[in-house]
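Heads up: the structure comes next, in structure tokens.
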Amino acid sequence: MRVTIDGVPSQAAQGQTVAGALLAAGRTSWRTTRHAGKPRGVFCGIGVCFDCLVTVNGVADVRACQRVLVDGDDIRTEEP
Ligand code: FES
């Protein structure tokens, strides 16, 4: 499948999560904490911690570890 990550075209496998695509693209963090500015990416991987939030197709605060990609998804992170 074709997706974009911060505007950059990327390939993703059927059934892959947004977090999987970000990790496959070499990203280990993609946002920072509000007050301390600490990097965040996947922590729990099961939808509990909310560390992995991204914007998908204009919808903010999507848990990257829970959202399965569909062809054409536009993923936006806080840290391009
Ligand atoms: S990594 Fe914890 S909710 Fe996604």
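For ligands, and for the atoms within them, numbers begin at 1 and follow the listed sequence. In this text, all values refer to a predicted model and were calculated from it rather than measured experimentally.
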Legend entry - Ion pair check, Arg31 and Asp61, cut-off under 4.0 Å: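 No salt bridge links Arg31 with Asp61.
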Inset, instruction - Using the side chain to side chain contact (heavy atoms under 4.5 Å, CB included) rule, take Arg76 and Asp6 through it: C-alpha gap first, then chi angles, then the decisive distance, then the call. - result: CA-CA 5 Å; Arg76 300 284 172 166; Asp6 293 324; 4.2 Å; yes
Would a 4.5 Å heavy-atom cut-off, applied to side chains only, mark [X] and [Y] as touching?
X	Y	result
Lys38	Thr32	no
Val70	Val3	no
Val54	Arg63	no

Find all atoms of ligand 1 within a distance of less than 4.0 Å from any non-hydrogen atom belonging to [X], and give their numbers and elements.
X	value
Phe50	2 (Fe), 3 (S)
Val48	3 (S)
Gly45	1 (S), 2 (Fe)
Gly47	3 (S)
Phe43	1 (S)

Legend entry - Residue from Ile5, Thr77, Leu69 passing side chain to side chain contact (heavy atoms under 4.5 Å, CB included) with Val18: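 Result for side chain to side chain contact (heavy atoms under 4.5 Å, CB included) with Val18: Leu69.
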Inset, instruction - Taking both backbone and side-chain atoms into account, decide whether Cys52 has an N/O/S atom under 2.8 Å from atom 4 (Fe) of ligand 1. - result: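 Yes, Cys52 qualifies, because one of its backbone or side-chain N, O or S atoms lies under 2.8 Å.
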Legend entry - Whether Cys49 has an N, O or S atom under 2.8 Å from atom 4 (Fe) of ligand 1: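 No N, O or S atom of Cys49 is closer than 2.8 Å to atom 4 (Fe) of ligand 1, so no.
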Inset, instruction - Please find out if atom 2 (Fe) of ligand 1 and some N, O or S atom of Cys65 are separated by less than 2.8 Å. - result: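 Not a single backbone or side-chain N, O or S atom of Cys65 is under 2.8 Å from atom 2 (Fe) of ligand 1.
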